> 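Pasting a structure here, questions to come.
In this text, all values refer to a predicted model and were calculated from it rather than measured experimentally.
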Amino acid sequence: PGLRKMSARREPMRLMRSLTGVFVTLWLVLPLVPLAIWSFARGWRFPDILPQEWTLNAWSYALSDRSGLPAALGSSLAVAAIVTLISLLIGLPAGRALGLHQFRGKRTAEMIILAPIIVPGIAVALGLHSVFLHLGLTGTLCGVILVHLVPTLPYMILVISGIFANFNPSYEAQARSLGASPLQVLWHVTLPAILPGVVVASLFTFLVSWSQYALTLMIGSGRVITLPLLLFNFAAAGRNDLTGAIAMIYILPGLVVLALTARYIKGRSAALGVPAP
């Protein structure tokens, strides 16, 4: 009887979770439906609910070299991947220091880290443009990578610091007392414990870099073409069919990364990297 009562109590909670999941999915997917329809439409005029003619011309052109999509896609992937790696290398020690230690000026350091998020992006772009111009970094891939670190580093550092705030360093001390080297402690103790959070931080950093438009346009000076720039160019030109096709490709990496990591993150514990109960 007791088990039946517990099962009966859990049913409404399961139903609520399912409804919430459906609602969130619809909230995310429904705005993309018009873009998907436009990518296959040959004109779509009011008051038609659906286009009168369907075609693959937009996809054929978008996937060809003439559209510039392959090159822009490669640039976006390269920039986002390199930015994520650099952010991780900087964010791990910085996040550990903020999460585990109390020191004078910690609040000031946190405010400085948050400053690029608080200040409007266009102001940051205009301020950095003159600096990068003097350094000869405008119009270069290196300059775009460096400027993408401005909005991505705060997210990486703050997420990592939150992970280390719940991390117990006594596990590391126990491993060292048993004769483990610093590298062994890092590989076998620290990294397994923080890995789920590192995956989340890296994913978020990748998506933030992937979606940058203003900073790429200002520092890249139109020479470094990424997918957001190409998407906005076609949108500004009124090519709704090409905009829809490129938009579908634009959101694809984020969906793939989320799908690949969601199951792993859900099934892992952030305490010490053991399977969640």
> Which heavy atom of Asp241 sits nearest to which heavy atom of Ala41, and what is that distance?
CB-O, 4.1 Å
> Can you name the one residue among Val147, Thr138, Leu215 that meets side-chain contact (heavy atoms from CB on, under 4.5 Å) with His129?
Thr138
> What are the two closest non-hydrogen atoms of Val224 and Thr216, and how far apart are they?
O-CG2, 3.9 Å
> Which heavy atom in Gly91 sits nearest to a heavy atom in Met156, and how many Å separate them?
CA-CG, 4.0 Å
> Under 4.5 Å between side-chain heavy atoms, counting indirect links through other Ile/Leu/Val/Met/Phe/Trp/Tyr residues: same cluster for Ile157 and Leu85 or not?
no
> Are Ile225 and Leu229 side-chain neighbours, meaning at least one heavy-atom pair lies under 4.5 Å?
yes
> Which pair of heavy atoms, one from Val79 and one from Leu141, lies closest together, and at what distance?
CG2-CD1, 3.4 Å
> Heavy atoms only: give me the nearest Arg239-Thr243 pair and the separation to one decimal.
O-OG1, 2.7 Å
> Ignoring hydrogens and angles, tell me if any N or O in the side chain of Ser181 forms a donor-acceptor pair with the backbone of Gln184 under 3.5 Å.
yes
> Is any side-chain heavy atom of Leu149 less than 4.5 Å from a side-chain heavy atom of Ser87?
yes
> Just so I know, are the side chains of Ser211 and Tyr250 near enough to count as touching, which here means a heavy-atom distance under 4.5 Å?
yes
> Are the side chain of Lys106 and the backbone of His101 linked by a donor-acceptor contact shorter than 3.5 Å?
yes
> With a 4.5 Å limit on heavy-atom distance, are the side chains of Ile160 and Leu92 in contact?
yes
> Classify the ring geometry between Tyr155 and Phe204 as parallel (under 30°), tilted (30 to 60°) or perpendicular (over 60°).
perpendicular
> Does the side chain of Pro154 come within less than 4.5 Å of Pro116's, by heavy atoms?
yes
> Among residues two or more places apart or on two chains, list those pairs meeting ring pair (Phe, Tyr, Trp, His ring centres under 6.0 Å) that have a residue in residues 219-249.
Tyr213-Phe232
> Taking the inter-plane angle between the rings of Phe206 and Trp210 on a 0 to 90° scale, is it parallel (under 30°), tilted (30 to 60°) or perpendicular (over 60°)?
parallel
> Going by heavy atoms in the side chains, are Pro228 and Ser76 under 4.5 Å from each other?
yes
> If we only count heavy atoms from C-beta on, is the Leu146 to Phe132 side-chain gap below 4.5 Å?
yes
> Given 3.5 Å as the limit, does a donor-acceptor pair link the side chain of Thr152 with the main chain of His148, or not?
yes
> Just by distance, do the side chain of Ser161 and the backbone of Leu158 share a donor-acceptor pair under 3.5 Å?
yes
> Heavy-atom distance under 4.5 Å between the side chains of Leu203 and Thr84, does that happen here?
no
> Using a cut-off of 6.0 Å, state whether more than 12 heavy atoms not belonging to Arg223 lie near its atom CZ.
no
> With a 4.5 Å cut-off on side-chain heavy-atom distances among I, L, V, M, F, W and Y, is there a chain of contacts connecting Leu89 to Ile82?
no
> Looking only at heavy atoms, what is the nearest atom pair of Gly139 and Ser221, with distance?
N-OG, 3.8 Å
> Can you list, pair by pair, the side-chain donor-acceptor contacts under 3.5 Å of residues 61-70, counting residues two or more places apart and other chains?
residue : atom : partner : partner atom : Å
Ser64   : OG   : Tyr61   : O            : 2.6
Ser67   : OG   : Tyr61   : O            : 3.2
Ser67   : OG   : Ala62   : O            : 2.7
Ser67   : OG   : Ser64   : O            : 2.9
Ser67   : OG   : Leu69   : N            : 3.2

> Is Val131 linked to Ile219 within one hydrophobic cluster, defined over Ile, Leu, Val, Met, Phe, Trp and Tyr using a side-chain heavy-atom separation of less than 4.5 Å?
yes
> Main chain of Val198, side chain of Ser202: is a donor-acceptor contact present, judged purely on distance under 3.5 Å?
yes
